[in-house]
**Student:** 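Mind having a look at this structure? Questions to follow.
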Amino acid sequence: QVQLVESGGALVQPGGSLRLSCAVSGFIFSSYNMKWYRQAPGKERELVAHISTDGGTTNYGDSVKGRFIISRDNARNTVALQMNSLNPEDTGVYYCHRPTRGYWGKGTLVTVSS
């Protein structure tokens with residue numbers, strides 16, 4: 001069955017960096033676009049980043065442009081999110097998402113606080 005498992009969430013100080021990873025299984029990873037979303041407490045889930053099947057096209061939400069980088073390793077069936085210059089507004093649960101047929105991971109919590 002399709003599985004998406006996020007990892008890497010942690011408590012980090014403002015200005016710090018963090019790298020999230022999503023390990024997938026149960027489908028041909030290289031055939032699907034992938035996305036990262038996040039949901040802050042009391043807010044709706046928002047798109048963070050998108051990556052195409054070969055990694056050649058990436059797109060970012062306005063609030064993370066220039067700070068976050070999405071990447072993928074099709075040989076290892078993983079998609080990553082490198083987050084830099086973190087601020088408290090980046091706090092939330094981060095989810096890995098396969099848009100086709102709408103698969104989601106369970107999320108990993110990122111807390112940015114001093």
**Student:** Without swapping roles, check the side chain of E6 against the backbone of K106 for a donor-acceptor pair under 3.5 Å.
**Tutor:** yes

**Student:** Hey, which of L18, T91, L11 is the one that makes side-chain contact (heavy atoms from CB on, under 4.5 Å) with V112?
**Tutor:**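 Testing V112 for a side-chain contact (heavy atoms from CB on, under 4.5 Å) against L18, T91, L11 leaves exactly one candidate, T91.
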
**Student:** Measure across C96 and M34 and return the closest heavy-atom pair with its distance rounded to 0.1 Å.
**Tutor:**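 Answer, listing the atom of C96 first, then M34: SG-CE, 3.6 Å.
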
**Student:** With the threshold set at 4.0 Å, does a side-chain nitrogen-carboxylate oxygen contact exist between R38 and E46?
**Tutor:**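 Salt bridge between R38 and E46, a charged N being under 4.0 Å from a carboxylate O: yes.
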
**Student:** Are any non-hydrogen side-chain atoms of S17 and N84 less than 4.5 angstrom apart?
**Tutor:** yes

**Student:** Roughly how far apart are L4 CG and T78 OG1, rounded to 0.5 Å?
**Tutor:** 11.5 Å

**Student:** The criterion is salt bridge (Lys or Arg N to Asp or Glu O under 4.0 Å); which residues satisfy it with K43, sequence neighbours excluded?
**Tutor:**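 Salt bridge (Lys or Arg N to Asp or Glu O under 4.0 Å) check on K43 returns nothing, list empty.
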
**Student:** What are the two closest heavy atoms between T57 and N59, and how far apart are they?
**Tutor:** CG2-ND2, 3.9 Å

**Student:** Would L81 and V5 show up in the same hydrophobic cluster when neighbours are defined by side-chain heavy atoms closer than 4.5 Å?
**Tutor:** no

**Student:** Can you hop from V93 to W36 via hydrophobic side chains spaced under 4.5 Å?
**Tutor:** no

**Student:** Which pairs pass ring pair (Phe, Tyr, Trp, His ring centres under 6.0 Å) with one or both residues in residues 58-101, sequence neighbours excluded?
**Tutor:** Y37-H97, H97-W104

**Student:** Quick one: OG on S63 to CG on D90, what's the gap to the nearest 0.5 Å?
**Tutor:**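 CG of D90 is found 7.0 Å from OG of S63.
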
**Student:** Grab the two heavy atoms, one from S113 and one from P14, that are nearest each other, plus how far apart they are.
**Tutor:**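 That would be C-CD, 3.6 Å.
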
**Student:** Under a single-linkage definition using a 4.5 Å side-chain heavy-atom cutoff for Ile, Leu, Val, Met, Phe, Trp and Tyr, are I69 and L47 assigned to the same hydrophobic cluster?
**Tutor:** no

**Student:** Determine whether S30 and I28 make a side-chain contact, defined as any pair of heavy atoms from C-beta on separated by less than 4.5 Å.
**Tutor:** yes

**Student:** Test your reading of the model: is there a side-chain donor-acceptor pair from R72 to the backbone of S52, 3.5 Å cut-off?
**Tutor:**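 Checking the backbone N and O of S52 against the side chain of R72, a donor-acceptor pair under 3.5 Å is found.
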
**Student:** Tell me whether I51 is reachable from V2 by hopping between hydrophobic residues (I, L, V, M, F, W, Y) whose side-chain heavy atoms are closer than 4.5 Å.
**Tutor:**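 Shared cluster, yes.
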
**Student:** Provide the closest heavy-atom pair for N74 versus T53 in the form atom of the first, atom of the second, distance.
**Tutor:**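 That would be ND2-O, 3.0 Å.
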
**Student:** Just verifying a value: how many Å separate N33 CG and T58 OG1, rounded to the nearest 0.5 Å?
**Tutor:**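 Output value for this atom pair is 11.5 Å.
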
**Student:** Go through the structure and list residues passing ring-ring contact (aromatic ring centres under 6.0 Å, His included) with Y32, not counting sequence neighbours.
**Tutor:**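 By the ring-ring contact (aromatic ring centres under 6.0 Å, His included) rule, Y32 matches F27.
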
**Student:** Can you check side chain to side chain contact (heavy atoms under 4.5 Å, CB included) on R67 and M83, steps first, answer last?
**Tutor:** CA-CA 6 Å; R67 300 188 298 122; M83 306 187 295; over 6 Å; no

**Student:** Looking at every non-hydrogen atom in both residues, tell me the closest pair between S7 and T108 and how far apart they are.
**Tutor:** C-OG1, 4.1 Å

**Student:** Does K35 reach the side chain of P99, with side-chain heavy atoms less than 4.5 Å apart?
**Tutor:**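 In short, these two side chains touch, coming nearer than 4.5 Å.
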
**Student:** Could you go step by step and tell me if R98 and C22 meet the side chain to side chain contact (heavy atoms under 4.5 Å, CB included) rule?
**Tutor:** CA-CA 11 Å; R98 194 191 89 174; C22 174; over 6 Å; no

